[in-house]
Asks: 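Structure incoming, see below.
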Protein chains: 2
Amino acid sequence: MKSDLTHRGPPSARTGRPRNAAATREAVLRSAVEAFTRSGYDGAGVREIAEGAGVSAMMVNRYFGSKENLFAEVVDTSFTPRTVVPDDLTRLSHGIARALVHRTGPGADELSPFLLTLRSVSNPRSAELARQGIERHVERHLAELLGGERARERSALALSVILGVWLMRSIIGDTALLEADLDGLARHLDGMLAGLLTSP
Amino acid sequence: MKSDLTHRGPPSARTGRPRNAAATREAVLRSAVEAFTRSGYDGAGVREIAEGAGVSAMMVNRYFGSKENLFAEVVDTSFTPRTVVPDDLTRLSHGIARALVHRTGPGADELSPFLLTLRSVSNPRSAELARQGIERHVERHLAELLGGERARERSALALSVILGVWLMRSIIGDTALLEADLDGLARHLDGMLAGLLTSP
DNA sequence: GTCTATATAATGATAGAC
DNA sequence: GTCTATCATTATATAGAC
């Protein structure tokens, strides 16, 4: 059957994007961030990712070699902007607690490296890639910010709390946490993190 | 091809178990607990579960209707014995912290409702079933133990910490948490949980 | 009560045309 | 640079024999 260029065809016909390797790669990567964050490593298919980028499924392997390689790049892309752990130490626990409560509420933005991690840990390969992302990006950064003894360990523990709350509120949808008073929640989290983040 | 009863055939030939509906059901359920805990809802297949029980894949749907129904029973089975949250209030946070560190170390037993939950949250259906299991079993129990104001909310927050640590140590395998001094880790966790579990 | 065999759909990856 | 078409595999679920 001949292709109908008014409905199907190369990207230029559908998206206005010209045939361009870099632009296509970028579009696939962006679509992959969304799909993997929404459905996890196993739950997102290469067809779905390709469709989100307006290209055929073949392009995914063309530019990234395999689904696993694509996921590795997605992890780095997703962890690069820091939005939960602030850049300075003043009122660190307070800032993290507020951001955490705010970004795990209903209707919050659905693009977070923590969501990506939580939904991809059931597969050992993607879990390992997520581990590297966490350690190299947020954990190391927070540990440098903290300094003092066992900074790395305290940083990892703080991240455990962040991941646990993100899981219970955003993914599991625990009733008590979703109906809780937001200020009270933030106060509890602030208290827990403060004991961890202030040098022992 | 004719079946060779010395190698294949009904369960009585392989496992010594007689043809018995209740025993077969039980065997499938036990195998399913292991498989879902090891690989999560999407990662575990009915063939694999059936093989672990020494029966054919057909038996799974015969006795449980569908994979999803089977998972619902697995959640209840897995959450029923309480091993992390103790039954009395004395030194509650201390007991939880110690049990948590002990059961998330390398070589710890691999059968926990928290592992089952963490590896099944990427699928919305199994995540919802896990939510019900958490709320009806551990969260409610711990809240009753706590009493006081916002007991349910504080219970859910404590479970967030437990899940977060379990995730980072057992599943993600965070280097800093696996190499950390165990007593120091338990002390930090005790401190965080104590502020949460003692009435505000 | 349990089996083999099959229906149906979806997956990641690849070959070859244009 | 991108496509269509297809490969080989795997998934859950079901039909019918014994």
Asks: Does D:dT4 have OP1 or OP2 under 4.0 Å away from a side-chain N or O of A:S56?
Replies: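 Checking A:S56 against D:dT4: no side-chain N or O falls below 4.0 Å of OP1 or OP2.
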Asks: Could you tell me the separation between the CZ atom of B:F64 and the P atom of C:dG1, rounded to a whole number of Å?
Replies: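 Taking CZ of B:F64 and P of C:dG1, I get 14 Å after rounding.
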Asks: Classify the nucleic acid contact of B:Y63 as base, sugar-phosphate or nothing, counting any heavy atom under 4.0 Å across all strands shown.
Replies: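 Touches sugar-phosphate only.
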Asks: Over how many whole Å does the gap from A:I49 atom CD1 to C:dA13 atom P extend?
Replies: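 After rounding, the gap between these two atoms is 10 Å.
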Asks: Between B:E110 and B:T37, do the side chains contain a donor N or O and an acceptor N or O under 3.5 Å apart?
Replies: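 No.
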Asks: Counting only side-chain heavy atoms from C-beta out, which of D:dT2, C:dA13, D:dT14 sits nearest to B:N61?
Replies: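 The nucleotide sitting nearest to the side chain is D:dT14.
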Asks: What does B:A44 touch in the nucleic acid at a heavy-atom separation under 4.0 angstrom: a base, only the sugar-phosphate, or nothing?
Replies: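 Sugar-phosphate, backbone atoms only, no base.
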Asks: Can you check the A:E48 CD to C:dA13 P distance for me, whole Å?
Replies: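 Taking atom P of C:dA13 as the reference, CD of A:E48 is at 15 Å.
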Asks: Which whole-number value in Å describes the distance from A:E26 CD to D:dG1 P?
Replies: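 Atom CD in A:E26 sits about 16 Å away from atom P in D:dG1.
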Asks: Could you tell me whether B:E128 atom CD has more than 12 heavy atoms of other residues or ligands within 6.0 Å of it?
Replies: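 More than 12 within 6.0 Å, yes.
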Asks: Of the nucleotides C:dT2, C:dT14, D:dA13, which one has an atom closest to the side chain of B:S66?
Replies: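 Taking heavy atoms from C-beta onward, the closest nucleotide is D:dA13.
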Asks: Quick check: are there more than 12 heavy atoms from other residues, nucleotides or ligands sitting under 6.0 Å from CZ of B:R103?
Replies: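 Enclosed: over 12 neighbouring heavy atoms sit under 6.0 Å from CZ of B:R103.
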Asks: Of the options C:dT2, D:dT2, C:dG12, whose atoms approach the side-chain atoms of A:T24 most closely?
Replies: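 Comparing C:dT2, D:dT2, C:dG12 against the side chain of A:T24, the answer is D:dT2.
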Asks: Atom CE of A:M59 to atom P of D:dT4: distance rounded to whole Å?
Replies: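 It is 11 Å, rounded to the nearest whole Å.
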Asks: Does a donor on one side chain sit under 3.5 Å from an acceptor on the other, for A:R169 and A:T104?
Replies: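 Side-chain D/A pair, A:R169 to A:T104: present.
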Asks: Nearest to the side chain of A:R47, which nucleotide is it out of D:dT6, D:dG1, C:dT2?
Replies: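 Between D:dT6, D:dG1, C:dT2, the one nearest the side chain of A:R47 would be D:dT6.
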Asks: Could you state the CG-C1' distance from A:L70 to C:dA13, rounded to the nearest angstrom?
Replies: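 It is 14 Å, rounded to the nearest whole Å.
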Asks: Roughly, in whole Å, what's the span from CD in A:E68 to P in C:dA13?
Replies: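 Rounded to the whole Å, the gap is 9 Å.
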Asks: Send over the distance from B:D42 CG to C:dT11 P, rounded to a whole Å.
Replies: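 The distance from CG of B:D42 to P of C:dT11 comes to 12 Å, rounded to the nearest Å.
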Asks: Carefully, step by step, assess A:K67 and A:F36 under the rule side chain to side chain contact (heavy atoms under 4.5 Å, CB included).
Replies: CA-CA 11 Å; A:K67 184 183 178 180; A:F36 282 135; 3.9 Å; yes
